[in-house]
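Lettering follows sequence order; numbering is per chain, from 1.
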Protein chains: 2
Amino acid sequence: MGKPTVHDIARVAGVSLATVDRVLNARAGVREVTVRRVQEAVSRLGYVRDLSAANLARQRRYRFAFLLPDTPSQFLRVLHEAIDEAAAGLSADRLEIETTHVAIGDQVALQQAFRRIETMGFDGVAIMANETPMVRDMIARLKARGVAVVAMITDQPQSERDHFVGIDNLAAGRTAGVLMGRFAGPGPGKIVVAVNTMQARDMVDRRMGFDEVIATRFPGLTTLPTIEGWDNHQMVARVTAQCLDNHTGVVGIYCAGAGLRGITEVVRARGLADRLTIIGHDLTPHAREMLTDGVVDVIINQNAGHIARSAARVLKAQCDGVEVIASQERIRIEIVLKENLPQGAYREDKT
Amino acid sequence: MGKPTVHDIARVAGVSLATVDRVLNARAGVREVTVRRVQEAVSRLGYVRDLSAANLARQRRYRFAFLLPDTPSQFLRVLHEAIDEAAAGLSADRLEIETTHVAIGDQVALQQAFRRIETMGFDGVAIMANETPMVRDMIARLKARGVAVVAMITDQPQSERDHFVGIDNLAAGRTAGVLMGRFAGPGPGKIVVAVNTMQARDMVDRRMGFDEVIATRFPGLTTLPTIEGWDNHQMVARVTAQCLDNHTGVVGIYCAGAGLRGITEVVRARGLADRLTIIGHDLTPHAREMLTDGVVDVIINQNAGHIARSAARVLKAQCDGVEVIASQERIRIEIVLKENLPQGAYREDKT
DNA sequence: CTGAAAGCGCTTACAG
DNA sequence: CTGAAAGCGCTTACAG
């Protein structure tokens, strides 16, 4: 009556449970005829196996490592929390997630972290790191050992990673460009652009997308040379201040990387919040506050919760040898204004 | 060594498995002392029960009914597909979802559908319907029988529904207002506003939010009296055309309900796509196309996939007596431009 | 190449 | 009020 089980298959095919299991799991050592008999029963009865019962029986656990840079940015804190939250939610599915922070740019430490993952026998790894030959090699080693690998936030396009969980930064830059053009008016005017470092592909992509749109669609606006902030608020604040001193007619600031705090400080101190259009990335607590206060006009966001859960789901699917539903795993480029700011989405105090 | 199981609890508490189970599931008929002994063992060992093993043992299935209007809009087709997709993904968790379409506005048919759900013994129901006293009563009946109930897309605030899965339409209207104000320029200019019917609360909320922002922040713009389109493209097209004939200086159109197709037809026929800012709701295939072609400037979207999955998750949590993670179940007001249009997110052909 | 039996972590009649 | 035993759907040694 109910859904067919292995017992039904065994009965119909006239074999034992063990044999059914062998065929179902494509294990060797079954005669061709027997395999066929079982497969026929399977398709005749429309059998579909119960993965969670299977996982229970084999005591399957999925051990995933998440490798993050130790950037002291709020976004990384938000991401880390999102990963912990995802881990808590998925522990019922026997997923175990361990998060490791590695000093940014420290290739030796990063390589050690990879080695550790390799020896500890993790089933999957999610990596957020800049592209380097070392990272590429380590990914290749992991893949050779059958470990599932996804790149997170920053893609590793040259590597053998199974999947990329993150946004298209060129498109994100274009999106910022259109909104800047529309919000800051037709001009004439100058736009300040700040990034962490032009050595990161994400930043280069965002800047390219942004410039392309401004140049082709908003001829009244010009973008100034890139400010590099190196994840340092004070440095960003200082250079932004200089930039505002040196240029008249600035109408907007695009903060493509971390360091938004430095920019908002300068803008507030000079009382320019109403006159400038400010667009930043990533919905951190500080960004939320600035949006609410009307200092920042737009935040382009990559949803940390979605990224964490998607990475975990994709790794699990890879381990199970199952296809992911692509449309469900696509990370969107979210546009956040004060008006559509998700209420309390950053942190739910559980009290 | 590994995680503690019921066997460990039984051993430590010095009772049988059956008794452990009784205490764990808060069933009656256990002496106070025994209960305490078991509970102590539980907290001492840090036991946390394996829900999927429990569900396997009790052969638990979750049967949910989704009740949708039979509006012939593309959005409803998208939603229905999203529900089917969610159902497929969740069948591994023993969720079974049945979707029923009911003729919109037909209170008798709707009541029959409710009655059927009641007698068929569903575990949960997700409802998308206009607020009426009948709906409120039927929800109360279902709740009295212990059925989990969520309102979807359209809230039923006066009812006993457990949860609302959808967006804040007032905020959505405000979001549309800000974007219209920024995109259509400071004015002077007039804005056409179209809805399905002002009898639906969603539409009233969107219109209110929109007007509020335009009135207070963009004094150069004025909104024209509402056009009602009754989910009918031709009617929308006709009335929009009239409206454009009667008014000079129209700079934008806000389509708060279905019928975007009627508007885009008129706008294209008159070659006004470049001159007008057009903002609509819901990322249907047609909306995607218009966004890509540059006819529509902004789509405010409520993600059908998120809504379907969230509704299912919330219903399941309700059945399990488990808290949901609020931040994870909040449906966002998505802003979609041509630039951040998710690639192929609407439909993945599996070929 | 194949099968009988025990077990994964939990629940459910049935006895007592 | 409590326990021994069987079972959910699947997998895993161990025999043969």
Base, sugar-phosphate or nothing for [X]? Non-hydrogen atoms, less than 4.0 Å.
X	answer
A/Asn55	nothing
B/Ala54	sugar-phosphate
A/Val15	sugar-phosphate
A/Asp21	base
A/Arg49	sugar-phosphate
A/Arg94	nothing
A/Val30	sugar-phosphate
B/Arg27	sugar-phosphate

Seminar exercise, completed: Whichever of A/Ala53 and B/Thr34 has the more 5' nearest nucleotide on DNA chain D, that residue is B/Thr34

Seminar exercise, completed: Assert: residue with more 5' nearest nucleotide on DNA chain D, out of A/Val6 and A/Arg22, is A/Val6

Going from [atom1] on [X] to [atom2] on [Y], what distance comes out if it is rounded to the nearest 0.5 angstrom?
X	Y	atom1	atom2	result
A/Arg141	A/Phe114	CZ	CZ	11.0 Å
A/His306	A/Glu329	NE2	CD	10.5 Å
B/Arg11	B/Leu45	CZ	CG	8.0 Å

Problem set entry | Electrostatic pair B/Arg145:B/Glu118 at N-O distance under 4.0 angstrom | yes

Seminar exercise, completed: On DNA chain C, more 5' by nearest nucleotide between A/Leu17 and A/Ala28 is A/Ala28

Problem set entry | cation_pi(A/Arg60, A/Tyr62) dist<6.0 Å, angle<=45 | yes

Seminar exercise, completed: Partner of C/dG16 under the Watson-Crick or G-U wobble criteria, both distances under 3.5 Å, comes out as D/dC1

Exercise. Taking all atoms of both residues into account, what is the closest heavy-atom pair of B/Ile117 and B/Val125, and its distance?
Worked result: CG2-CG2, 3.4 Å

For this session: Return yes if a side-chain donor-acceptor contact under 3.5 Å exists between A/Ser52 and A/Asp50, otherwise no.
Result: yes

For this session: Please list, in 5' to 3' order, the outermost nucleotides of DNA chain C lying under 4.0 Å from any heavy atom of chain A.
Result: C/dC1 to C/dG9

